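On a predicted model such as this, the values are computed, not experimentally measured, just so you know. If you read the sequence from its start, that first residue is 1, and numbering goes on from there.
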Amino acid sequence: MSLQDLLLCPATQTRHAMASVEKEPPPRRKWRGTASGVVSAPADCVWALVSATSRLREWMPMVDSCATVAGDEGSHGHVRLVSGGLVFPQQQRPSSAAPGSDDQPPSSWVRERLVAVDHAARTYTYEMEDGNVGLAGSRNTISVFDYGSDGEEAATLVVWNFEVDAVDGANQDALLDYLRILYKSCIDAIPSSC
C-alpha cells in the first residue's frame with residue numbers, strides 16, 4: 001500500500017495510528033489498611049517524635065538505623081534510608097534454618113521520600129522508593145490528633161494509613177493484618193518514648 005493510499009483511506013489511517021500507540025500497563029491494584037491507637041502523651045510531643053527521622057528508632061522497635069539521604073528533614077522531598085529487622089512474611093528464613101545461619105534473611109532496608117507534610121495539621125506521607133522488603137511504591141501516612149485528656153494525662157490519637165501495591169501470590173488479608181500489627185506495635189511504643 002502506498003503512502004497516497006494511506007492518506008486517502010481514513011479507516012486505514014485510524015488502524016495504523018492505533019497500532020502505533022504504545023499501550024500503558026494498567027494501574028496496579030492497591031491494598032489499603034489502617035492502624036491506630038491512643039497514646040498517653042501530648043499531641044505536640046508525639047508529633048515531635050514521629051516526625052523526626054533522627055528519632056525513628058525510639059518508637060519503631062524493628063528499626064536499627066535511619067539516616068537522611070537527601071533534602072531537609074521534615075520538608076517535602078526529604079529522602080531517608082531505614083534499615084534493621086524489617087522482616088516481612090515473604091522474607092522469612094526457612095523453618096529448618098538455625099538462628100545465626102547463612103539462611104537467615106539479610107538486614108532489611110527501605111528508601112523513602114516525604115511526599116506530603118503538614119506540620120500544622122500534624123500529618124505526613126512517605127512513599128517507599130526502593131528496598132528489599134518487596135513493598136516499593138507503598139505509601140504510609142501518619143496523622144496525630146489531640147484526643148484531649150483522661151483526667152491527669154494528655155491523650156493523642158495516632159492514625160497510620162498505609163497503601164501497598166497488590167502483591168502477586170500473596171494473601172491480601174494476611175499481608176494487611178501483618179502490616180496492621182507491625183504498625184500498631186510502633187504506635188504502642190510511643191508513650192514510653194515521648
Side-chain angles (χ1 to χ4, degrees), residues 31 33-41 44-117 119 122-144 156 158-165 167 170 174-194:
W31 295 345
T34 300
S36 62
V38 176
V39 297
S40 298
D44 287 337
C45 179
V46 172
W47 177 249
L49 175 67
V50 301
S51 64
T53 291
S54 60
R55 299 184 67 192
L56 213 55
R57 290 181 57 200
E58 294 179 41
W59 66 284
M60 290 188 165
M62 75 295 262
V63 171
D64 290 333
S65 68
C66 182
T68 294
V69 174
D72 296 322
E73 182 176 53
S75 297
H76 187 270
H78 174 251
V79 179
R80 66 187 184 189
L81 182 64
V82 183
S83 63
L86 307 168
V87 178
F88 287 86
Q90 69 270 24
Q91 292 181 294
Q92 296 294 333
R93 63 182 166 82
S95 59
S96 61
S101 74
D102 291 337
D103 291 335
Q104 287 186 319
S107 178
S108 299
W109 63 273
V110 296
R111 186 179 66 229
E112 300 176 310
R113 178 178 302 275
L114 185 61
V115 295
V117 62
H119 292 285
R122 297 187 195 110
T123 187
Y124 68 78
T125 302
Y126 271 94
E127 182 173 310
M128 207 178 287
E129 292 185 324
D130 197 7
N132 66 351
V133 296
L135 297 176
S138 67
R139 285 182 169 236
N140 291 280
T141 300
I142 295 179
S143 303
V144 174
T156 299
V158 178
V159 178
W160 189 325
N161 291 305
F162 55 94
E163 174 182 281
V164 299
D165 288 338
V167 178
L175 180 60
L176 293 178
D177 285 347
Y178 180 83
L179 292 173
R180 251 184 232 103
I181 292 166
L182 179 70
Y183 298 154
K184 177 72 166 104
S185 72
C186 297
I187 294 168
D188 290 345
I190 292 172
S192 63
S193 300
C194 195

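With hydrogens and angles ignored, the 3.5 Å screen pairs a side-chain donor or acceptor of Asn132 with a backbone N or O of Ser107. With Thr123 contributing its side chain and Ile142 its backbone, the two residues share a donor-acceptor pair below 3.5 Å.
Residues Leu56 and Val82 meet the side-chain proximity criterion, which asks for heavy atoms closer than 4.5 Å. You'll find the side chain of Trp59 reaches within 4.5 Å of the side chain of Val50, heavy atoms only. Within the 4.5 Å cutoff, the side chain of Arg55 has no heavy atoms near those of the Cys66 side chain. Inter-residue side-chain proximity for Ile187 and Val39 is flagged as met; some heavy-atom pair is nearer than 4.5 Å. The shortest side-chain heavy-atom distance between Trp160 and Lys184 does not fall under the 4.5 Å cut-off. Residues Val38 and Thr156 fail the side-chain proximity criterion, which asks for heavy atoms closer than 4.5 Å.
Interatomic distance, Arg113 CZ to Asp130 CG, rounded to the nearest 0.5 Å: 11.5 Å. A distance of 10.0 Å separates CD of Glu127 from OG1 of Thr141, quoted to the nearest 0.5 Å. The structure places CG of Leu135 at 10.0 Å from OG of Ser108, a figure rounded to the nearest 0.5 Å. Interatomic distance, OG of Ser185 versus CE of Met60, reported as 9.0 Å (0.5 Å rounding).
Of the candidates Asn140, Leu114, Val144, Tyr124 forms a side chain to side chain contact (heavy atoms under 4.5 Å, CB included) with just one, namely Leu114.
At a cut-off of 3.5 Å, with distance as the only test, a side-chain donor of Asn161 or Thr34 sits close to an acceptor on the other residue. Checking His78 against Tyr126 by side-chain atom types alone, a donor-acceptor pair falls below 3.5 Å. Remark: the Ser83 side chain and the Ser65 side chain contain an N/O donor-acceptor pair separated by less than 3.5 Å.
For the residue pair Arg122 and Trp47, the shortest heavy atom distance occurs at C-CZ3, 3.2 Å. Summarising the geometry of Val164 relative to Ser138, their closest heavy-atom pair is CG1-CB, 3.5 Å, with the distance given to 0.1 Å. Summarising the geometry of Arg139 relative to Thr125, their closest heavy-atom pair is NH1-CG2, 4.1 Å, with the distance given to 0.1 Å.
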Walk me through whether Trp31 and Val167 qualify under side-chain contact (heavy atoms from CB on, under 4.5 Å).
CA-CA 9 Å; Trp31 295 345; Val167 178; 4.2 Å; yes

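Residues passing the ring-ring contact (aromatic ring centres under 6.0 Å, His included) test with Phe162, sequence neighbours excluded: Tyr183. In this structure Ser54 satisfies the side chain to side chain donor-acceptor pair (under 3.5 Å) test with no other residue, sequence neighbours excluded.
Sequence neighbours left out, the pairs with a member in residues 59-84 that pass salt bridge (Lys or Arg N to Asp or Glu O under 4.0 Å) are Arg80-Glu112.
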